[in-house]
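Keep in mind it's a predicted model, so treat the numbers as computed, not measured. Chain A is the first sequence line, chain B the second, and so forth, proteins listed ahead of strands; every chain is numbered from 1.
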Amino acid sequence: MTEHHPDDSYHPDAVESKWQARWAERGTNAPDLDHADRPFYNLMMFPYPSAEGLHVGNVFAFTGADVFGRFKRLQGYQVFEPMGYDAFGIHSENFAIKTGVHPADLIPRNIANFRRQLKRMGGMFDWRHELTTTDPAYYKWTQWVFLQLYHAGKAYKKKAAVNWCPNDKTVLANEQVINGACERCGTLVEQRFLEQWFFKITEYAERLLANLDDRTKMDWSASTSIAQRNWIGRSDGAEIDFPSGAGPIRVFTTRPDTIFGATFMVLAPEHPLVERLTAPVERNAVEAYRKAAAAKDLISRKVGEKEKNGVWTGGYARNPATGAEIPVWIADYVLMEYGTGAIMAVPGHDERDFAFATRYRLPIIRVLAGAGETGATPLREAALETDELRLVNSGRFSELPAEQGLRSIVDWLEQGQQGNGVVRYRLHDWCISRQRYWGPPIPIIYCEGCGPVPVPEKDLPVRLPIIEDFRPDDSGISPLARHQEWYVVPCPRCGKQAHRETDVSDTFLDSAWYYLRYLSTEFDDRPFEADRVKRWLPVASYIGGNEHAVLHLLYSRFLAMVLHDQGVLHFEEPFRKFRAHGTIVKDGAKMSKSKGNVVIPDEYIARWGADTFRMYLMFLGPYTEGGDFRDEGLAGPRRFLDKVWDLVVQCEKRTLVGSEVHQSIVIKWNQTKKRVTEGLESLAYNTAIAALMELLNALRAVNCTERRIVKDLVVMLAPFAPHFAEECWERLGARTSVFEARWPAWDEALTVESEIEVPVQINGKTRSRVTVPRGALEEAVVAAARLDPAVRKFTDGKELRKVIYVKDRLLNFVVG
RNA sequence: GCCGGGGUGGCGAAACUGGCAAACGCAAGGGACUUAAAAUCCCUUGGGCCUCGGCCCUUGGGGGUUCGAUUCCCCCCCCCGGCACCA
C-alpha cells in the first residue's frame with residue numbers, strides 16, 4: 001500500500017466546500033455596487049427552474065460565462081455576476097396539470113434545488129441580488145414596465161388570431177399544437193380572434209436594424225446579428241392601389257417593375273374588402289372558402305400543403321398600368337398579417353402566382369427578359385435572379401433595364417397618386433397577452449364608463465391570486481375571470497364597479513428587463529436605482545444561447561429603447577457585447593430522456609468534483625460551438641489537476657527560491673501567459689486549457705518547481721477551477737483570495753526562442769530544416785540551407801527559379 | 001426553399017493574416033514499479049511503402065488561383081440548428 005499523507009493529495013470535496021463557505025463568509029463575490037470604479041457587469045441568461053434540476057447545458061453555459069467573469073475580475077475589474085430564475089410560463093402550468101402540484105408550491109422547491117446546484121458548481125454569483133420573476137416584488141415592476149409602455153402610447157389592444165381547441169374550449173400556445181391538433185385531446189385546432197395587448201415594436205424596426213451595425217453600441221456574435229436582421233426582415237417596395245367596384249385595393253409588392261404582368265389579384269380570405277367584392281353568385285363558394293381557412297390553425301395554414309388553391313370572388317379590379325380589368329381571387333397563401341393582405345399576382349415571374357395561374361388557367365404575361373431574349377419566349381425559371389434583365393411588354397417602360405424600370409414605374413405611380421414607394425418589415429408587433437394563469441396579470445381595469453384604465457402605480461403589484469382551479473376548462477373564459485373576488489374591482493378613475501384584465505403577460509416580458517432589476521433587488525420603492533444603472537449599464541458581457549437570438553434579445557433591445565426615449569435609461573442598447581455559446585451533445589447524439597443519455601451534473605460533480613467538471617466542460621470543444629460530452633473525457637482534466645497539485649506540494653516543500661530557470665521554460669511560460677490571456681478574451685477556452693497543460697508538461701519534464709511560474713499557473717487556472725486554485729494559492733503562502741491576485745503579464749520578446757528552426761521546402765514540400773538566429777536575414781538562411789545535404793539532394797543540377805522566404809517561418813526553393 | 005454553423009486520425013479536437021496538418025486530451029498497445037491489481041511513470045500510435053536513410057499518400061468530393069491551400073474562388077454531396085407561402 002502506498003503511503004498517503006492526508007495533506008498531500010487532492011480531495012475535491014473538501015477543497016470545494018471549504019472555499020464555498022469562505023467565499024460566502026468573506027463576501028468575495030459581492031462587489032460594492034455603489035462605489036465600484038471599474039465595474040464589469042457579467043450577465044448570463046437566467047434559467048427556467050425546472051423540476052429536473054440544472055441541465056448540463058445550463059452548467060456549460062454558466063461555467064463559460066463564469067470563467068469570463070472570473071478572468072475579468074483577475075484583470076482588476078469589479079465584477080457583478082448575478083443569477084435569477086425565469087419562473088413564470090406554460091412549462092410550470094403543464095407540469096402542474098400533469099402532476100397536480102401547484103406552480104406556487106413547485107417553483108420554490110425547484111429554485112431551492114437550482115440554487116444548491118449553482119452554488120455547488122462554484123459560480124461567482126452575487127447571491128444578495130438573486131431574483132425570481134414570479135416574486136410579487138419582481139413582477140410589480142414588470143407591471144410597471146407595462147404601464148410605462150402604455151403611457152408612452154406603445155401598448156395597444158387589437159383583435160388577433162389565437163389557436164383554439166373546440167373540444168377543450170381553450171386557447172392553446174403554439175407549442176401545444178402538434179400537427180394542427182390539440183396536444184391533449186387530438187382535436188383539430190382552429191383560429192379564433194380575441195382582443196389582445198400588443199407592443200409597438202414595429203415602430204422601432206429601423207432603429208433596431210440600424211444599431212446592429214453600430215460598433216459603438218453593439219459587439220455581438222455575427223450569427224445573432226444576422227438572425228435579428230432576418231427576423232426584422234426589411235423589404236423595400238411599393239404600395240399600389242388597384243381600383244375596383246368596392247374601392248381601391250391596396251397591394252404591397254417588392255417588384256413594382258412587374259406591374260404590367262399583373263393579370264389577377266389575390267386577397268387574404270380575411271381581407272375586409274372581400275365581402276363587398278363578392279358577386280352574389282359566388283357568395284356561397286367564397287363563404288365556404290373563408291370558413292375553411294379559419295378552421296385551419298395558425299401553424300398548418302402557413303406550413304401546410306404547398307398546393308395553391310383559392311376561389312374567385314366574381315369581382316374585378318383595374319390594373320392601373322395596363323388599364324385591364326383583372327379578376328380578384330381569395331386564397332390562403334396570401335396572409336393578412338403581411339403587407340396589406342392583398343397582392344397583385346404576376347404569374348410570369350412569381351413561383352406561387354405561377355402555380356396558381358396554371359391551376360386556374362389565368363393568363364400569364366412575361367414582362368422581364370434577359371439579354372438576347374424577347375418577351376415572346378416562354379417563362380424561364382428564376383427569371384428574376386438573372387442579371388441584365390430588361391422590361392418587356394410594359395408599354396412605354398419596355399426595354400428599360402429592370403432596376404431603372406422599377407424606379408420609373410414608382411415615379412409614375414407616385415405622380416398619378418396611384419401608389420408610392422414604401423418600406424415594409426416582416427417583424428410584427430409583439431403580442432404580450434396570454435390567456436393563461438401562470439404569469440403576471442396585465443395591470444388594466446375595464447370600466448363601462450371610463451374604458452380601459454391603467455392600474456395606478458401605487459396599487460401595484462396586481463397580485464396573481466393563488467387559486468386551485470387554474471386549469472383551462474370548458475367555460476372558455478380565462479381562469480382568472482372565474483374568481484369574482486379578484487375579477488371585480490372598483491374603477492380607479494370613477495369608483496364604479498369594474499373588472500380586471502384577465503390575460504397575463506408573456507414570459508418574454510419578464511425576461512426583457514431582468515438585467516435592470518438585478519442591480520436594485522433590495523429596493524421595493526423603485527424598479528431600479530438610477531445611480532447604479534449609470535454606473536453598471538449597459539451590460540459589459542452577455543452570454544447565452546442562440547435559441548434566444550431573436551425573441552428575448554430583440555424584446556430586451558426594444559424595451560431599453562422605449563425606456564431610453566422616455567428618459568428613464570441613458571442607453572439604447574442594453575448589451576454592449578453578446579456572445580452565443582454552443583450546445584453540448586452526448587456521445588455524438590442529442591440528449592433526450594427517451595434515449596437515456598441525459599447528463600445529470602450532480603452525478604458528475606459528486607464523482608469528480610466541480611472543478612474537474614468545469615474544466616472538462618470548457619475543454620471538450622470550442623465554447624462558442626459546443627461539443628461532445630464523453631464520460632471517458634473527464635479523466636484528462638482530473639489528472640491534470642492532480643499533477644498541478646503535486647507540483648504545488650513540491651513547491652511548498654522547497655524553500656529555495658530564485659533557482660536558475662532554463663531558457664526554454666521561460667519561453668514556454670511567456671507563451672502560455674499570452675495564449676491563455678488571448679484564449680480567455682476570445683472565449684477559446686479549450687485551447688487556453690491546452691496551453692496550461694503544455695506548460696505543466698514542460699515544467700514536469702525538467703522537474704522545475706520555480707515558484708513564480710507555479711504561482712502564475714495557479715492564477716491562470718483560477719477562472720476554470722476556482723476552488724482548486726484558491727487552495728493552491730493558500731498553500732503557496734497567500735493569505736488573501738487568489739482572485740485578489742493580478743493577472744500575469746508576459747514579455748513579448750520572451751515568447752519566441754532566440755534560435756529558430758526554419759523548415760526548408762523544395763517546390764512546396766518540406767525537405768529539411770535549418771536552425772538560425774531569430775530574425776536572421778534571408779541571405780543567411782539561404783546560405784545555411786544551401787549547405788544542407790538533404791537540400792542539395794533536391795537542388796543540385798537543377799535551375800533555381802525562385803526563392804521565397806517568410807521571416808522566421810519558412811524557406812522555399814522553387815527549382816525546375 | 002432561404003439563412004446560419006459544420007465535415008480534419010480509433011474518438012473529442014488544434015492550426016496566427018495562405019506558410020512544418022494532427023497541438024492538447026481520451027482510448028488503445030508495449031514497457032517499468034508491484035506477489036498481483038489499481039494508481040503512477042516511460043515509450044508507440046493518420047495510412048501505405050522501406051535497403052531504417054528515408055519515400056509516397058492524407059483535412060467530405062471535383063475543379064481553379066498560388067512557389068505553397070484545412071485556410072481563398074467556383075461547382076457538388078452530407079450533417080446540425082433556425083426560419084419557412086413575407087408578395
Do [X] and [Y] have ring centres separated by under 6.0 Å?
X	Y	value
A:Y10	A:F724	yes
A:F619	A:Y685	no
A:F794	A:F813	no
A:F629	A:Y604	yes

Review point. Would B:rG5 be called syn or anti, given that syn covers angles within 90° of 0?
Key: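 For B:rG5, whose glycosidic angle is more than 90° from 0, the conformation is anti.
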Paired with [N] by Watson-Crick or G-U wobble geometry, both distances under 3.5 Å: which nucleotide is it?
N	value
B:rA38	none
B:rC24	B:rG12
B:rG53	none
B:rG29	B:rC43

Let's see if you can work this out: which of [options] has an atom nearest to the side-chain heavy atoms of [X]?
X	options	answer
A:R352	B:rG12, B:rA27, B:rA87	B:rA87
A:P759	B:rG54, B:rC20, B:rG12	B:rC20
A:T254	B:rC20, B:rA84, B:rA87	B:rA87
A:K793	B:rG54, B:rG4, B:rA87	B:rG54
A:S235	B:rG4, B:rA87, B:rC83	B:rA87
A:R639	B:rG4, B:rC67, B:rC26	B:rC26
A:P622	B:rA13, B:rC55, B:rC3	B:rA13
A:F619	B:rC24, B:rC86, B:rC16	B:rC24
A:F794	B:rG6, B:rC20, B:rC55	B:rC55
A:R809	B:rC16, B:rC67, B:rA87	B:rC16

Check your understanding: So A:W220 and A:F578, would you call those rings parallel, tilted or perpendicular, with 30° and 60° as cut-offs?
Key ->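 A:W220 vs A:F578 ring planes: tilted.
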Review point. Where does the angle between the aromatic ring planes of A:F508 and A:Y555 fall among parallel (under 30°), tilted (30 to 60°) and perpendicular (over 60°)?
Key: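 Answer is perpendicular, since the angle exceeds 60°.
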Review point. How would you label the contact of A:K643 with the nucleic acid (heavy atoms, under 4.0 Å): base, sugar-phosphate, or nothing?
Key: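 Sugar-phosphate, no base atom in range.
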Exercise for review: Just call it for A:E351: base, sugar-phosphate, or nothing, with non-hydrogen atoms closer than 4.0 Å on any strand.
Suggested key: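 A:E351: no heavy atom of the nucleic acid under 4.0 Å.
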**Study point:** Cationic N near anionic O, under 4.0 Å, A:R675 to A:E694
**Key:**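 Salt bridge between A:R675 and A:E694, a charged N being under 4.0 Å from a carboxylate O: yes.
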Review point. Hey, are A:D788 and A:R769 close enough for a salt bridge, meaning a charged N less than 4.0 Å from a carboxylate O?
Key: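 No, this pair does not count.
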**Study point:** Distance, P atom - from B:rU35 to B:rU45, rounded to whole angstrom
**Key:**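 It works out to 32 Å between them.
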Practice item. Pick the P atom in B:rC73 and in B:rA23, then give their distance to the nearest Å. Key: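 These two P atoms come out 28 Å apart once rounded.
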Between [X] and [N], does any side-chain N or O lie under 4.0 Å from OP1 or OP2?
X	N	result
A:R767	B:rC56	yes
A:K765	B:rC57	yes
A:K590	B:rG81	yes

Practice item. Go through residues 679-700 of chain A and report each residue with a non-hydrogen atom lying under 4.0 Å from RNA chain B, sorted by number. Key: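 Per residue number, the list reads A:N686, A:T687, A:A690, A:M693, A:E694, A:N697, A:R700.
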